[in-house]
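Below you'll find the structure, written out as structure tokens, and then a few comments.
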There are 2 protein chains.
Amino acid sequence: MKYEAFVELLEQDINNGRYDQDGKLPSEDVLIESYQVTRYTLRKAIAFLVERGQLYQVQGSGIYLRRRAKKGYFNLDDTQGITSESRGINQNVETKVVSLEEIQFKDAAFVPEGLSLSPETILYFVKRLRLLDGKPFVVEHSYYIKSLVPYLNHEIVEQSIFHYLKEVVKLKFGFADKIIRTEKLTQEVATLLELKKDDPTLVIIDEAYLSNGALFNYSKLYYHYENSEFFMHATMK
Amino acid sequence: MKYEAFVELLEQDINNGRYDQDGKLPSEDVLIESYQVTRYTLRKAIAFLVERGQLYQVQGSGIYLRRRAKKGYFNLDDTQGITSESRGINQNVETKVVSLEEIQFKDAAFVPEGLSLSPETILYFVKRLRLLDGKPFVVEHSYYIKSLVPYLNHEIVEQSIFHYLKEVVKLKFGFADKIIRTEKLTQEVATLLELKKDDPTLVIIDEAYLSNGALFNYSKLYYHYENSEFFMHATMK
DNA sequence: CAGTGGTCTAGACCACCTG
DNA sequence: AGGTGGTCTAGACCACTGC
């Protein structure tokens, strides 16, 4: 059994409360027996859930459920936009497209530090406002490299772009770098967020790479400081 | 050979430019041969460096160095204070202790959501201002649970508390949860950061757990919005 | 000291990229 | 087709926790 499938199965059982009375899972030996998986598969799945902060392991003792697992936050590790980020709570996501155009790399308003592309490289440039339950949540300024993302139109951009890239264009995502900071809002972004110039904003600069290491998208995201909190889990090594 | 030791060895070779001409590492088979490690040890070490964003792997192709790896940022995954976070750049860290006192849990100014402790639980409460190259960088409001952190004094708190807990008290750290958001500054914190009331601030609420899952510390950190940028690396699953 | 998770070995086969 | 990384097997032993 592939470990991804086993992760889902295990996650279901955990979420259905199968292990709630103990607050911990059975030992690895018992899990191996009851799910009929090998230790490799089991530990790979457990490691995934540990990374996500749902479980923790104590050597010599057992595998424990995290109590008070965080809900209702956007997870900084989820790199695929609001739709999947907001799982755990049911919220209505709306998207307003401010603009969609093709530009050349040399005309981009901002560029990731150290990124070298030919000045004539064609990029899609998308500005969107996204709302959660009717409240302005984030303004996105996103660039997509056209040689890797060959087609975007208004209709696609009104939905989840990443969903389209994954399911339709069949891009294989690899990893993302993010820079997080706080700024004062410009008038342009403040208007969209229904805030005032110089109000605070949480800014995330996001660089997204395919599994082959090629950058296909970079974005600057301005979050409404009152409507957005992010969560992350880290191991202390 | 333990994989932690091998990580260090491999990291040294990478940082010394041993693999720069190719931009990639040799294949796993070659690495196994040249470093005399087993595939398990090799892949565990590689996985660690991939998680940190220093390498990426492409199935069927190879193990590549990340170019333009980020330097000069604070890594959100590093959970052990400024001293180790700021590696990569040499900056002078100063610490000014604003206050150090023992309080009861019921008198704490803030409490992590869902945390249940007896109201009489004794906590150390530490307020510190930390400066980088003489510039105010972060104001920390930190609580330590005395039953797990039995002793703190002014001298310790002027240094790296985590270093003390790790090396002297021999606590074994496990994991940390963080919530990241933006707020407007209160007058009290603004004064310490040499900013004005209502200026933006990046806030991180940090909960730190021992390897046995016990919470030993939680903090609210107010970062100077002009002097602090954070970096993180994520895999897109 | 019994039982648990962590590391390690030595293989095999699969999935994917590249020439 | 050959070579690369990804998954998987079936063990063994080590390190730690808790009774």
Side-chain angles (χ1 to χ4, degrees), chain A residues 1-10 19 22-51 54-66 148 170-175 209-214 235-237, chain B residues 1-10 19 22-51 54-66 148 170-175 209-214 235-237:
Chain A
M1 175 185 271
K2 303 196 86 163
Y3 82 89
E4 280 113 337
F6 179 55
V7 165
E8 285 191 29
L9 178 55
L10 192 55
Y19 303 114
D22 293 326
K24 65 186 286 192
L25 268 56
S27 73
E28 290 187 349
D29 287 349
V30 173
L31 289 168
I32 287 167
E33 180 59 28
S34 61
Y35 287 102
Q36 288 293 305
V37 293
T38 63
R39 198 169 178 214
Y40 173 90
T41 305
L42 176 73
R43 285 183 62 80
K44 198 126 199 239
I46 299 286
F48 180 86
L49 295 174
V50 166
E51 218 174 81
Q54 299 193 43
L55 299 174
Y56 64 94
Q57 290 169 290
V58 182
Q59 185 171 5
S61 176
I63 305 167
Y64 295 84
L65 302 182
R66 288 295 309 277
L148 298 170
K170 306 280 187 198
L171 292 186
K172 279 184 285 187
F173 302 151
F175 50 88
Y209 296 81
L210 300 178
S211 63
N212 68 5
T235 57
M236 302 172 84
K237 285 205 174 176
Chain B
M1 177 186 268
K2 304 197 84 162
Y3 81 90
E4 279 111 336
F6 179 54
V7 165
E8 285 191 30
L9 178 56
L10 192 54
Y19 303 113
D22 293 326
K24 65 186 287 193
L25 268 55
S27 73
E28 290 187 349
D29 287 348
V30 173
L31 289 168
I32 287 167
E33 180 60 29
S34 61
Y35 287 101
Q36 287 293 304
V37 293
T38 62
R39 199 169 177 215
Y40 172 89
T41 304
L42 176 73
R43 284 182 62 80
K44 198 125 200 242
I46 299 286
F48 180 85
L49 295 173
V50 167
E51 217 174 83
Q54 300 193 42
L55 299 174
Y56 63 94
Q57 290 169 290
V58 182
Q59 185 171 6
S61 178
I63 304 167
Y64 295 84
L65 302 183
R66 289 294 309 277
L148 298 171
K170 305 281 188 198
L171 291 186
K172 277 184 286 186
F173 302 152
F175 50 89
Y209 296 82
L210 300 179
S211 63
N212 68 4
T235 57
M236 301 173 85
K237 283 206 174 174

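Throughout, a chain's letter reflects where its sequence line sits, starting with A, and its residues are numbered from 1.
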Take atom [atom1] of [X] and atom [atom2] of [N], then tell me their distance rounded to the nearest Å.
X       : N      : atom1 : atom2 : answer
B/Ile46 : D/dG6  : CD1   : C1'   : 14 Å
A/Gln57 : D/dT17 : CD    : C1'   : 14 Å
A/Asp22 : C/dT4  : CG    : P     : 13 Å
A/Tyr40 : C/dG6  : OH    : C1'   : 16 Å
A/Glu28 : D/dT17 : CD    : P     : 16 Å
A/Phe48 : D/dT7  : CZ    : P     : 12 Å
A/Asp29 : C/dG6  : CG    : P     : 13 Å
B/Leu55 : D/dG5  : CG    : P     : 12 Å

Within-4.5 Å side-chain heavy-atom neighbours: B/Ile32 and B/Thr38: no
B/Leu171 and B/Leu210, any side-chain heavy atoms less than 4.5 Å apart: yes
Compare the minimum distances between each of [options] and the side chain of [X], then state the nucleotide with the smallest one.
X       : options              : result
B/Ser61 : C/dT7, D/dC8, C/dC17 : C/dC17
B/Gln59 : D/dC8, C/dA15, C/dC8 : C/dA15
B/Ser27 : D/dT17, D/dG5, C/dG6 : D/dG5

Under 4.0 angstrom between B/Tyr3 side-chain N/O and C/dT7 OP1 or OP2: yes
Phosphate contact (D/dC8 OP1 or OP2) by A/Lys44 side-chain N/O below 4.0 Å: no
Distance in Å, A/Ile63 CD1 paired with A/Leu49 CG, rounded so as to fall on 0.5 Å steps: 10.0 Å
Rounded distance (nearest 0.5 Å) linking atom CG of B/Leu31 with atom OH of B/Tyr19: 5.5 Å
Comparing A/Ser211 and B/Thr38 on DNA chain C - which has the more 5′ nearest nucleotide: B/Thr38
Earlier contact from the 5' end, DNA chain D, for B/Gly60 and A/Glu4: B/Gly60
Nearest-nucleotide 5' precedence on DNA chain D, A/Tyr64 against B/Lys24: B/Lys24
B/Tyr56 and B/Tyr64 aromatic ring geometry - parallel, tilted or perpendicular at 30°/60° bounds: parallel
Sugar-phosphate, base or nothing in reach of A/Lys172, heavy atoms under 4.0 Å: sugar-phosphate
Donor/acceptor link under 3.5 angstrom from B/Arg39 side chain onto base of D/dT7: yes
